[in-house]
Amino acid sequence: MRSKDPCSQVGACIVNMEKKIVGIGYNGMPRDCSDNDLPWNKQSEDCLQTKYMYVCHAEMNAILNKNCTDLCGCTIYVALFPCNGCAKLIIQAGIKQVIFYSDKHSHKPETIASKRLMDMAQVKYR
Ligand SMILES: Nc1ccn([C@H]2C[C@H](O)[C@@H](COP(=O)(O)O)O2)c(=O)n1
Ligand SMILES: [Zn+2]
């Protein structure tokens, strides 16, 4: 895994209906933003000193890295259940299925909102 996040290395892989890989990504700082200059802290009195303000999620990177015209009908495999921000991207990209390994943040509002959106948009997850 290539992520520089010292606590959580997350990967995502998108496959089309023929099971061909059409996008991969991992969690990392945005392009041209140094992994070394931005914080990787989970907690700080100053939220600007936490990674959450800056890091791009694996799902976002996999979608943006797609090597085909569109992702309609695709399936995304993810290490962690997508947050609400990534759920919006997944839905808007036309991805129809999410296969996740861990749902360890299931109690968080981000995850509850994510499931609400995916249920409405008929994106299956398991
Ligand atoms: N579905 C997700 C959830 C989280 N991430 C990234 C964002 C962070 O780099 C890390 C989560 O950090 P933690 O709070 O678990 O230390 O994982 C992601 O890419 N996709
Ligand atoms: Zn996310």
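Atoms within each ligand, like the ligands themselves, are counted from 1 in listed order.
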Heavy atom to atom 13 (P) of ligand 1, shortest distance: which of Gly28, Ala58, Ser3, Ser8 holds it? Ser8
Of all the atoms in ligand 1, which lie at a distance below 4.0 Å from a heavy atom belonging to Lys51? 12 (O), 13 (P), 16 (O)
Are more than 12 heavy atoms from other residues, nucleotides or ligands located less than 6.0 Å from atom CD of Gln49? yes
If you measure from each heavy atom of Tyr52 to ligand 1, is any distance below 4.0 Å? yes
Enter the distance from Ile99:CD1 to Arg126:CZ here, rounded to the nearest 0.5 Å. 3.5 Å
If you count the atoms of ligand 1 from 1 in the order shown, which ones are under 4.0 Å from a heavy atom of His105? 15 (O)
Atom 20 (N) of ligand 1: the protein heavy-atom neighbour that sits closest, reported with distance to 0.1 Å: Glu59 OE1, 2.9 Å
Indicate the atoms forming the closest heavy-atom contact of Val123 with Ile90, along with that distance. CG1-CG2, 4.4 Å
Considering the heavy atoms of Phe81, write down every atom of ligand 1 situated less than 4.0 Å from one of them. 1 (N)
Can you tell me if CD1 on Ile24 sees more than 12 non-hydrogen neighbours from other groups inside 6.0 Å? no
Stacked cation flag Lys108 on Phe81, 6.0 angstrom / 45 deg: no
Residue portion contacting ligand 1 (non-hydrogen atoms closer than 4.0 Å) for Asp5: side chain
Could a heavy atom of Gln9 be found less than 4.0 Å from some atom of ligand 1? no
Any idea which atoms of ligand 1 are less than 4.0 Å away from a heavy-atom of Asn27? 6 (C), 8 (C), 9 (O), 10 (C), 17 (O), 19 (O)
Of all the heavy-atom pairs spanning Lys96 and Ala121, show the shortest one and how long it is. NZ-O, 3.5 Å
Are more than 12 heavy atoms from other residues, nucleotides or ligands located less than 6.0 Å from atom CD1 of Ile112? yes
Looking at ligand 1, would Cys86 count as a contact under a 4.0 Å heavy-atom criterion? no
Protein residue, atom and distance nearest to atom 3 (C) of ligand 1, heavy-atom basis: Leu80 CD1, 3.7 Å
Lys115 atom NZ, neighbour heavy-atom count above 12 within 6.0 Å: yes
Does ligand 1 have an atom that lies less than 4.0 angstrom from a heavy atom of Trp40? no
When you measure from the Zn ion (ligand 2) to each N, O or S atom of His57, which atom gives the shortest distance? ND1
Rounded to the nearest 0.5 angstrom, the CD-CG distance for Glu59 and Asn27 is 9.0 Å
